[in-house]
Structures are given as C-alpha cells and as structure tokens.
Amino acid sequence: MSIADLIQTPDLVATAQQSAAWPFEEARKLVERVKRTGQKSVLFETGYGPSGLPHIGTFGEVARTTMVRNAFRILTEDKIPTRLLCFSDDMDGMRKVPDNVPNRDLLAEHLHRPLTRVPDPFGEFESFGHHNNAMLRRFLDTFGFEYEFASATDYYSSGKFDEILCRMAERYQAVMDIMLPTLGEERRSTYSCFLPISPTTGRVLYVPMKQVDGKNHTVTFADEDGSDVTLPVTGGHVKLQWKPDFGARWAALGVDFEMYGKDHQPNTVVYDSICNALGGVAPEHFVYELFLDDKGQKISKSKGNGITIDEWLKYASPESLALFMYSKPREAKKLYFDVIPRQVDDYLTFLEKFPGQIVKEQLGNPVFHIHGGQPPKVESISDAENHSTTVTFAMLLNLVAVANSEDSQVLWGFIRRYSSTVSAENHPGLAKMVGYAIAYYRDFVRPTKVYRAPTEQEQAALADLAKALAEHAGSTDGNALQAVVYEVGRAHFPDLSGKTKSPDGRPGVSQTWFATIYQVLLGADRGPRFGSFAALYGVNETCALIRKGLDGTLLSEHQQFLDSRA
RNA sequence: GAGCGCGUAGCUCAGCCGGUAGAGCAAUUGACUUUUAAUCAAUAGGUCCUGGGUUCGAGUCCCAGCGCGCUCACCA
C-alpha cells in the first residue's frame, strides 16, 4: 500500500506526532488507547441507517473516519492492523414508507417489519434493506473507500451477537438502570432494551418485557394478538433498542473509534456506560457538527433539505466534497450549492501548493488527508511563453457565462486561445471541470440572466451589425470582427465626450453600444470582447443571435426557460 | 437552561509551537493599440468583540463578560 512508501519519507512520522491537523489529533488518542490496552489491532466503525438512500452525511462519516485511520497508520508506522467496518442497521423496522420509491402501496403493508424483510420496491434485490445496502456499497465503492460491510440482520441471525445478547439478558437490570433515568415518565413504564420480532406479524415490537430470563436467555412479552410469547434473545429473534444497540455493538465487536454528529453527543455517556456494563471498553469518539441548509437549518434525511451527494457530484468532483468534509468538522457549516465553487478552487489551490511545502505543512494540507498522504499533481496549462496557470472553477464559470454557450467545444475554443495544446485527452481533470461548469451555469447562473428588448435606435444599430457581420461569414479573425463592431457602433453610438478615440484618431464609441450588445444578446451587463466571441461562436451563429435579439425570441426563450424551472 | 462552536478588511475566510496583521473576491488606478473570460502592476481598506491576567512580547495562552450559531421530546 501507499502508506508503506509514505512512512519512509524522512521526518514524516516524527513530524506527524506533532501535527495539529485534526485527523492526527484524533489518531493520537487511539495511539494512547493502544498503549493503554496493549491491543494488537484497531477497529473503526461507521453506522448507517438504511431507511433511505445514502446521504451526504454518510459520505462525510466514512471520508472523515478514513482520514483518521490513515493518520493512525502513519503514526504507528502501519504496525497495528486496522479495519473499517461500515455497519448497516438493516434490521431496523420500517417506520414509514419513503416518498421517493415506486410501489409504495406494496410497502405499506410491511410497515414496522425489519427492512431486510420488506420487499424491494425496485424489484431488484432480496429486500428493501438489501437494496439500500447495495446502494450504500456502490456509493462507497465509487469513492474507492477501503471498508468492510456489515449487516445487522446478518450479525443478529448468524449468532455473531449471541454472546452479547445473552450478557444483556444477564445484566438486564444494570442496563435498565442506565437507561431509565434518561427517559420521560411515560416512556419509562413501557421501555425495554429488547425489541422482539413478532412471530405472528413479523414486526419489530416496542412492548414492555413481562420477564427477562437471565439464565435461559429468553424474554417474555405480549405479542400483537395478545398472547404471551417467550423467545430466545439469540439468533435474530430479538433485536436491541437504539441506545443499548450502540453500546452492545461496541462491546461485541470491540470497536475502538466511532464518530457521529452532534445530535448524538448527549447520549455518549449512555452508550459508553452500556458498553462498559456489558464488559466492553467504550471506543474513542469524535463529535462533528451538523450541516446546515441554505436557511441555516440542520440537514436531515427526513426533511430532505440541503443538498444530496448526487447533486454535488453533478457540479463538482468528489475531491471537492472531501475537502468540505475535511475542513472544520466541528463547525456548523452551510452545505449548499453556493459553497461548491469555492471548495473546488480551494482544493486546486491546496493541490498546487503541496509539492512545494515542507513536510510539516504538507501534513496540515487538506489534500494530504483527502488522498491518503499521496495527492496527485495538479493539472495546469501553459501559454505560448510557457507561463503556467491552473484553470479555476471560477474562471470556467465566468467563461461559460460570457461565452453564452453550453457547448463544451466553444469553451475549449476559448481555453485554447490561451494554450493551444490543451485537450480533454491530456487534461482529463480540466475536461471534467468544463462539464461541471456548464452544469452549474445552466442551473444557477443562467436563471439570473435578464434579457431586454432593444430600443428603436438600438434595433437599427443591431440590424446594421448583423448585416455588416454577414459580409464576414466564415471569418475567425477576432480583430477584424471587432473592427466591424466598432465601425457600426461609431455610426449609431458615437462617443461625443472625446475621451475615446480610434487608432486613426476618429471619435470612439460610446459605452452604451457595448452595454446594448450584452444586455440584449447575452442577458448580462458585461461580456466578452465581442469580436473574439463572434469568431469562436461563429459569424453566422452570431448573426442569428442578433436576429433573435431583434425579434424578441431571446426574451421569450429565456422566459420559457424560467417557466420550465418553476 | 446545559453542551459544543464561532467573533480578524466591505464580503468569505486563513493565521500552524506566542515574535512587525494575510489571502481570495469586491473597490480604486494603471499596462495590454478604443470594452473588458482568463493576465500583470499598483493603491486603499483592520481598536483582530470587550475587559482583565501571564509574558520582554498576545489575533494566538488563561479568566470573566458581551454577541451570534447549532444541538439537546420521540425516532435513529
């Protein structure tokens, strides 16, 4: 693995011991833990509730946990084996039918059954739980995370949890003593750590226990038909309530590290106490802040607010999302579309800086953690004089807007003006970014455009412009075309202030002329040098654009576009 | 109320182990053969929330206060 090479880097391991980057700080806690317990391996866990599709928080947890794991491997020179377990609580009962799935009627009759016993509404997998698990895995694999998948249903029914379940029955009172004080009066009377699966209806039952037999490891309760039923706690007949489930899982698997959102924070003591009560050693924790939507509200799966992973990946790379997850995990950050361009460009900046940094700085550079210590080289382009530039997202967005084109070829045309040898083949990262910029433009920039109809005077000028340009059909000479723009402008919008002059000393052209062109034709106050634009966009196409501006087509098309989004 | 976090330029933020306050955008001026995607140069802009303390020295560490944000029923 790459970590093996990495730790050979002089001073890297020693410097890492001092690094203030948060993954190293968290990893140091684990190093201490290993020293304390003498354990020979370390287990990282992330939890996943499969009642819906994987969301952006799931990505954050796995990405951040991986960063800590890598930091730990460096600190320990990879001498302590590590594993990352992604645990899916797929035995959880389905509380409500999700809005975003087909065949909802079919699902309705399976409410409260374990997700792995609810049919897959997509008809592709053994169950809804299996379907969602598969989505999670596909998603994690897309990002190349190294992890092991674990299914709660599998762990419960195969007996992997039997030992801890028996211990829970034996120490039932101790666990209840931890739980009860945390509950409200009403809930206290019916609460149980065990949730039996009804043998008659197959539902997960939230019912009081009539008896918990610590010797025979059984529970007795009233089933849904009213009759008393006794079930063994083992073998998947019974699952655990949420908080006991956390503590029990940690104890059973020997989890050493698990992070979770701040909403869990008050429960940490409860989880840990239960884990200890069952003979386990509570793991190290890291509490991260929740994400906020555009209105400052916390993002939650149930509300469906904020932004999804798919949406982010429509406009930017996974790496930019990883950067967002790396930065300030303890701050409530807005996670919305408008943060995307900044993340992309910051990522590029960090990548660019990395090679020139000393080890200590590299360890604090986000790209170190995003790429497991080995970030790739940044793609840059060079002009004719060999000046190197990194094309930023902001630059591309600007470019798409002024080019007024969602055609990537037109954009490449502009880019090649700077560097003639650049292509999608030799700059795949840039090629992707061009696609992202077009998508971002279409969805966020284009809607803000405002076209207006030309005045009578402007109509005459624009008509003349189209006529004059038509004589240059086929030309790609930006300067010649720009001269045409000036010539027509001089006739209709001369600058009488005397401030501007043409090269041959004649009066210049009023600002109004250029404002007219941009406002009427591009729906913006500013734009590209029009001659260059026409050269790349095509003279005939430009003439057509002018005609559409004159007859009101641009106005109505934009209105249609806006209506189609409403 | 409790817990966590934040308060630095007009905006968004960086400032690692305490050592002369930084970046990007925005603004202003200029270069590039009149207007300009991308370039470059320059200028301007800050009581680092307040008050104490430690120190030769505090944006940075400690204490107190003020302001702001989020989380804290149930469910996971």
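- Applying the ring-ring contact (aromatic ring centres under 6.0 Å, His included) test to A/F139 and every residue at least two apart in sequence or in another chain returns A/F143.
- B/rC13: Watson-Crick or G-U partner is B/rG22, with both key distances under 3.5 Å.
- Note on ring orientation: taking the six-membered ring where Trp is involved, the planes of A/H285 and A/Y260 are tilted (angle from 30° to 60°).
- Ring orientation note: the planes of A/Y271 and A/F246 are close to parallel, at an angle under 30° on the 30°/60° scale.
- If you check every strand for non-hydrogen atoms under 4.0 Å, A/F350 touches nothing.
- Here the P atom of nucleotide B/rG5 and the NZ atom of A/K262 are 9 Å apart, to the nearest Å.
- Residue-level contact check: A/D245 touches neither bases nor backbone, having no heavy atom under 4.0 Å from any strand.
- Remark: of the listed residues A/K333, A/K328, A/K334, A/K328 is the sole one forming a salt bridge (charged side-chain N to carboxylate O under 4.0 Å, His left out) with A/E331.
- With a cut-off of 3.5 Å on both pairing distances, the Watson-Crick or G-U wobble partner of B/rA64 is B/rU50.
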Considering only nitrogen or oxygen atoms on both sides, find all protein atoms under 3.5 Å from nucleotides 60-62 of chain B and state each distance.
none

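- Among residues two or more places apart in sequence or in another chain, the ring-ring contact (aromatic ring centres under 6.0 Å, His included) test is passed with A/Y486 by A/F514.
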Restricting both atoms to N or O, compile the protein contacts to nucleotides 12-16 of chain B shorter than 3.5 Å, with distance only.
{"residue": "B/rU12", "atom": "O2'", "partner": "A/R342", "partner atom": "NH1", "Å": "2.9"}
{"residue": "B/rA14", "atom": "OP1", "partner": "A/K328", "partner atom": "NZ", "Å": "2.3"}
{"residue": "B/rA14", "atom": "OP2", "partner": "A/K328", "partner atom": "NZ", "Å": "2.7"}

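- A close approach under 4.0 Å does not occur between any side-chain nitrogen or oxygen of A/R187 and OP1 or OP2 of B/rA73.
- In terms of the side chain to side chain donor-acceptor pair (under 3.5 Å) criterion, residue partners of A/K29 (sequence neighbours excluded) are, by chain and number, A/E26.
- Using atom P as the reference point in both B/rA23 and B/rA9, the two lie 14 Å apart (nearest Å).
- Taking the ring-ring contact (aromatic ring centres under 6.0 Å, His included) definition, one finds that A/Y326 meets it with A/W22, A/H369, sequence neighbours left out.
- We find that CE of A/M94 is positioned 15 Å from P of B/rA76, with the value rounded to whole Å.
- Comparing the same atom, C1', in B/rA64 and in B/rG10 gives a spacing of 32 Å after rounding to whole Å.
- Comparing the C1' positions of B/rC49 and B/rG7 gives a spacing of 6 Å, expressed to the nearest Å.
- Under 4.0 angstrom from either OP1 or OP2 of B/rC70 there lies no side-chain N or O belonging to A/R330.
- Look at A/Y191 and you won't find any side-chain N or O under 4.0 angstrom from OP1 or OP2 of B/rC74.
- Pair assignment for B/rC32: none, as no Watson-Crick or G-U wobble contacts are both less than 3.5 Å.
- Across the strands present, B/rA2 finds its partner in B/rU71; the criterion is a Watson-Crick or G-U wobble pair with both atom distances under 3.5 angstrom.
- Minimum atom distance to the side chain of A/H264 is reached by B/rA76, of the listed B/rA76, B/rC72, B/rG69.
- Classified by interplanar angle (parallel below 30°, tilted 30° to 60°, perpendicular above 60°), the ring pair A/F87/A/Y155 is perpendicular.
- Across the strands present, B/rA58 finds no partner; the criterion is a Watson-Crick or G-U wobble pair with both atom distances under 3.5 angstrom.
- Figure legend. B/rA38 is base-paired to no nucleotide; pairs are counted as Watson-Crick or G-U wobble with both atom distances under 3.5 Å.
- Checked for salt-bridge contact, A/E458 and A/R452 meet the test: a charged N lies under 4.0 Å from a carboxylate O.
- Summarising the geometry, the separation between CZ on A/F286 and P on B/rC4 is reported as 14 Å, rounded to the nearest angstrom.
- Across all strands shown, A/Q241 has heavy atoms under 4.0 Å from sugar-phosphate atoms exclusively, and none from any base.
- In this structure, CH2 of A/W412 is placed 15 Å from C1' of B/rA37, rounded to the nearest angstrom.
- The stacking criteria are not both satisfied for A/W242 over the base of B/rC75, which would need a centre-to-centre distance under 5.5 angstrom and an angle between ring planes under 30 degrees.
- Separating the C1' atom of B/rG24 from that of B/rG67 is a span of 27 Å, rounded to the nearest Å.
- Pairing each heavy atom of A/M94 with each of A/L107, the nearest pair is CE-O, 3.4 Å.
- Rounded to whole angstrom, the span from the CD atom of A/Q482 across to the P atom of B/rU34 amounts to 8 Å.
- As rounded to the nearest Å, B/rU71 and B/rC62 have C1' atoms that lie 27 Å from one another.
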